[in-house]
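Reviewing the structure listed below.
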Amino acid sequence: MKVDTAYPKIEKLKSKKRITQLFVEGKTLTVFPIKLIYLNTENQEGLIQAGVTVPKKNFKSAVKRNHIKRLLRESYRLNKASVFNNTEGNFAFLFLYLGKETLPFELVERKMKQLLNKFNSTEGSIG
RNA sequence: AUAGCAGGCCACCUUAUCGCCGUGUGCCGAACUCGUUUCGGCAUCUAUUGAGUUUUGCUUCAAGGUUUAAUAGAUUCUGAAUCAAGUUCAGAACAAGGAGGAAAGUCCGGACACCAUAGUGCAGUAUAGCGGGUAACGCCCGUCCGCCGUGAGGUGAGGACAAGUGCAACAGAAAGCAAGUACAGUUCGGCUGUAGUGAAACCAGGUAAACUCUAUACGGUGAAACGUCAUGUAAAUCAGUGUUUAAGGGCUGCACGCUCAAGCUGAAGGGUAGGCGGUUAGAGCUUUUGGGUAACCAAUAGCCUAGAUAAAUGAUAAGGUUCUUCUGAUUUUAUUCAGAGGUUACAGAAUCCGGCUUAUGGCCUGCUUUUUUU
RNA sequence: CGGGAUGUAGCGCAGUCCGGUAGCGCACUCGGCUGGGGGUCGAGUGGUCGCAGGUUCAAAUCCUGUCAUCCCGA
């Protein structure tokens, strides 16, 4: 299977309603410092939408917040193929950054891989 | 060389691999180096300019709509919607672009939108030598005066206490309808001068960043304004009818003024979540010339320069650049060289402009003080 | 994006409107009462009034700027 590393606009989680729904009903997986909130959605087909959040409380500087969001987005983009290949169905993802200090990309990517593997082992067998 | 003052400029760079965002990519004919080429014609769209016509206001004139002419720029492929073209949506390829000097704080001033065409009075707020700049300002420029600095320079809410009211700790006889110490002089009624306290003492006292007065300016609410599309069951909305006692509502606190109401008939709509417009061509940027001491203004030529919305402008690798830590060598010290590691200062557009303030890395220019030499 | 509030002793607050002494409670230190603790009584220590500038003879208080924290509105 071809490894698709693109992250176009459709795959971004944008609906405000969907996000609040995630916080209320979603299940969570944590590999510190990243926390994944996910939910199985029925509306659209063959699509996994993902979003990224860094709380303002931990990072006051907008530059640092943007930087961490970019790192999370990049690591998800490079490793999302494993999720696409192992599961079927529609999911909404939201990645929360719980740490209070910035980390280099190498570490963030390693944690992201661990997190996605964890997701595959819990949800992949069902789907 | 040292310490300092003022002004200006830049905002890490290069290559490779993966990504993100919005913008653009007609028809016919001819030519050749046959291509995502060049040239010419036609059509459409956009922008600018000129002309005609029309609407509104306040005359010259200004703003908007529409028609036409000129100039400039753009018009690829695939799939879907559609009778077709055009157009719209999605994707691919290509092309040219993609954070700041403060984008920040939100402290002032505007543009723009709605509320009556934005009105009247009071209240309230702000400003305050004089002159100028500007769309406007509490900003900027020039200048007088005061204060600070040896100086280059910096800084100042700098009108009025000869309208009224208030306030003045301690000290002092006395801090304001008054009362009165000591000494000296004397025309011995009283008056004049000096002393002492204090920031300030018979003088039209001091104090207005005390109330206040004078002059000037300011209507309110903010892109969550506002318009529009889809969904569509109430209050409210719009149109017609109705016309009174007017409570009350209508986006400033109060008063005036304007306007609306209840009921009936008809129309079409709300909450919530969302799409599109507003939304990026503008008091725009750069060059040259002229006017002005300057801020700035005028003319000319060129340019198009981010538009995201859980929020794009990035990540990784290598090399250089900047800074810094450690080790070794050299040198009287400063420093220089080599190796290793860490780093790229402050900081992220959110309707848009003009300022102010704050954060911060580096470079350059001019000037001043002190010391040394000539 | 818009609106508002608060910074005073180790902690929680007065004082700010209307300018001249910085105070209250808890805590802390010392001493008394008790055999000791607790409790109580008395005395004492401790504050750049967030920071910077200005007005004033004099500023926690008036004015301007700025920093930090917290809250509210969609």
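A, B, ... follow the sequence lines: proteins, then strands. Residue 1 opens every chain. The figures here come from the full heavy-atom set of this structure, side chains too, leaving out hydrogens, waters and symmetry mates.
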Nearest heavy-atom neighbours spanning [X] and [Y]:
X	Y	result
A:Pro33	A:Leu103	CG-CD1, 3.7 Å
A:Val52	A:Leu94	N-CD1, 4.0 Å
A:Leu72	A:Ser75	O-OG, 2.9 Å

Do [X] and [Y] come within less than 4.5 Å of each other through their side chains, counting heavy atoms only?
X	Y	answer
A:Gln49	A:Phe93	no
A:Phe95	A:Lys35	no
A:Ile34	A:Leu96	no

(message) With side-chain hydrogen bond (donor to acceptor under 3.5 Å, both in side chains) as the rule and sequence neighbours excluded, what pairs involving residues 103-113 of chain A come up?
(response) none

All N/O pairs under 3.5 Å across the protein-nucleotides 69-74 of chain C interface:
{"unit_1": "C:U69", "atom_1": "OP2", "unit_2": "A:Lys60", "atom_2": "NZ", "d": "3.4"}

Interatomic distance where [atom1] belongs to [X] and [atom2] belongs to [N] [whole Å]:
X	N	atom1	atom2	answer
A:Glu106	B:A315	CD	P	16 Å
A:Leu39	B:A310	CG	C1'	16 Å
A:Glu74	B:G19	CD	C1'	6 Å
A:Lys80	B:C18	NZ	P	16 Å
A:Leu78	B:C20	CG	C1'	13 Å
A:Phe105	B:G19	CZ	P	13 Å
A:Tyr76	B:C20	OH	P	13 Å
A:Lys56	B:A104	NZ	P	12 Å

(message) So that I can compare with my own list, what are the stems of RNA chain C, taken as at least three consecutive Watson-Crick or G-U pairs with distances under 3.5 Å?
(response) C:1-7 with C:67-73, C:10-13 with C:23-26, C:28-33 with C:39-44, C:50-54 with C:62-66

Between [N] and [M], how many Å separate the two [atom1] atoms, rounded to a whole number?
N	M	atom1	result
B:C202	B:A178	P	16 Å
B:U134	B:C108	P	26 Å
B:U125	B:U165	P	24 Å
C:G37	C:C51	C1'	47 Å
B:U68	B:U60	C1'	27 Å
C:U21	B:A169	P	13 Å
B:A345	B:C12	P	9 Å
B:C147	C:G54	C1'	12 Å

What is the glycosidic conformation of [N]: syn, defined as within 90° of 0, or anti?
N	value
C:G4	anti
B:G24	anti
B:A99	syn
B:U351	anti

(request) Any chance you could pull the hydrophobic cluster mates of A:Phe32, using side-chain heavy atoms under 4.5 angstrom and chaining through other members? (result) A:Leu98

Using Watson-Crick or G-U wobble geometry with both distances under 3.5 Å, which nucleotide pairs with [N]?
N	result
B:G263	B:U241
B:U194	B:A182
B:A204	none
B:G29	B:C39

(message) Suppose we screen for side-chain hydrogen bond (donor to acceptor under 3.5 Å, both in side chains). Which residues come up paired with A:Tyr38, at least two apart in sequence or across chains?
(response) A:Glu123

(request) For B:A311, take OP1 and OP2 only and decide whether either is under 4.0 Å from a side-chain N or O of A:Arg73. (result) yes

(request) Determine: side-chain N/O of A:Ser75 to OP1/OP2 of B:A315, distance under 4.0 Å, yes or no. (result) no

(message) Donor-acceptor pair, distance only, cut-off 3.5 Å: does the side chain of A:Lys80 make one with the backbone of A:Leu116?
(response) no

(message) Assuming nearest nucleotide by heavy-atom distance, tell me which of A:Ser61 and A:Leu94 is located more 5' along RNA chain B.
(response) A:Leu94

(message) Using a strict heavy-atom distance below 4.0 Å, which residues from residues 62-70 of chain A are in contact with RNA chain B?
(response) A:Ala62, A:Val63, A:Asn66, A:His67, A:Arg70

(request) Give me the ring orientation class for A:Phe59 and A:Tyr97: parallel if the planes are under 30° apart, tilted from 30 to 60°, perpendicular past 60°. (result) tilted

(message) For a side-chain contact (heavy atoms from CB on, under 4.5 Å) check, start with the C-alpha distance between A:Thr122 and A:Leu29, then their side-chain angles and the critical distance, and finish with the verdict.
(response) CA-CA 10 Å; A:Thr122 53; A:Leu29 283 176; 4.1 Å; yes

